[in-house]
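Start at 1 with the first residue, then count along the sequence. The structure displayed is predicted, hence computed values, not measured ones.
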Amino acid sequence: QVQLVESGGGLLQAGGSLRLSCAASRIFNSINTMAWYRQAPGKQRELIAQVSNGGSVNYADSVKGRFTISRDNAKNTVYLQMNNLKPEDTAVYYCNADTTSSLTGRVVYWGQGTQVTVSS
């Protein structure tokens, strides 16, 4: 039933790198955009990176130059390469897919989240 599954989270030291993956399955709608959000303790969920169907990307200022979102259409997977991680990056990271159903219109899918913890 789960259609977006994140993986790749973990605990690491500041300055390290991590690559998150999000595999989409059983999504038959047209996917407009895929994105990564994160939610740090005591804070609201934040959009940090998104990629459109056409491949255009956008990043939150907090991660520009450090994070890269990409996707493999053949595998229906979106990635988030995170470099030079900082303690401020500690959060639960969520994959998101914004889709359009021919029957119901906009449908948004969320992954369960994967924890990223960066120690100083």
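Put simply, the residue from T33, N32, V57, I31 that forms a side chain to side chain contact (heavy atoms under 4.5 Å, CB included) with S52 is T33.
Every residue two or more places apart in sequence or in another chain was checked for a side chain to side chain donor-acceptor pair (under 3.5 Å) with S30, and none qualifies. Considering only residues two or more places apart in sequence or on other chains, T117 meets the side chain to side chain donor-acceptor pair (under 3.5 Å) condition with Q115. Applying the side chain to side chain donor-acceptor pair (under 3.5 Å) test to S102 and every residue at least two apart in sequence or in another chain returns nothing.
Here the side chains of D89 and M82 are not in contact, with every heavy-atom distance at 4.5 Å or above. Taking the side chain as every heavy atom from C-beta outward, V118 and T90 approach each other to under 4.5 Å. Side-chain contact between I27 and N76 is absent, with no heavy atoms from C-beta onward closer than 4.5 Å. Contact annotation: the side chain of Y93 never approaches that of E6 to less than 4.5 Å [non-hydrogen atoms, C-beta and beyond]. L85 has its side chain within reach of F67: a pair of non-hydrogen atoms, C-beta onward, lies under 4.5 Å apart. Here the side chains of V5 and S25 are not in contact, with every heavy-atom distance at 4.5 Å or above.
Separating the CG atom in L11 from the CD atom in Q13 is a distance of 9.0 Å, to the nearest 0.5 Å.
The two residues R26 and Q3 have their closest heavy-atom pair at O-NE2, 2.7 Å. Heavy-atom minimum distance, C22 versus L4: SG-CD2, 3.9 Å. Heavy-atom minimum distance, S120 versus P87: CB-CG, 3.8 Å. Across every non-hydrogen atom of G10 and L18, the tightest pair is N-CD2, 3.8 Å. Taking every heavy atom of both residues into account, A49 and Y59 meet most closely at CB-CD2, 3.7 Å. In terms of heavy atoms, V107 sits closest to S101 at CG2-CB, 4.1 Å.
The main-chain N or O of D72 is never found under 3.5 Å from a side-chain atom of Y79 such that the two would form a donor-acceptor pair. Under a 3.5 Å cut-off, the side chain of E46 and the backbone N or O of R38 do not form any donor-acceptor pair. Judged purely by atom type and a 3.5 angstrom limit, Q50 has no side-chain atom pairing as donor or acceptor with the backbone of N58. Not a single donor-acceptor pair under 3.5 Å links the side chain of Q81 to the backbone N or O of T68.
Side chain to side chain, N83 and S17 meet the donor-acceptor criterion of an N or O pair below 3.5 Å.
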(request) Carefully, step by step, assess N53 and R71 under the rule side-chain contact (heavy atoms from CB on, under 4.5 Å). (result) CA-CA 10 Å; N53 182 260; R71 65 182 182 182; 4.2 Å; yes
(message) For a side-chain contact (heavy atoms from CB on, under 4.5 Å) check, start with the C-alpha distance between C95 and W36, then their side-chain angles and the critical distance, and finish with the verdict.
(response) CA-CA 5 Å; C95 181; W36 287 96; 4.1 Å; yes
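Taking hydrophobic clusters as Ile, Leu, Val, Met, Phe, Trp and Tyr residues chained together by side-chain heavy-atom distances below 4.5 Å, F28 does not share a cluster with Y109.
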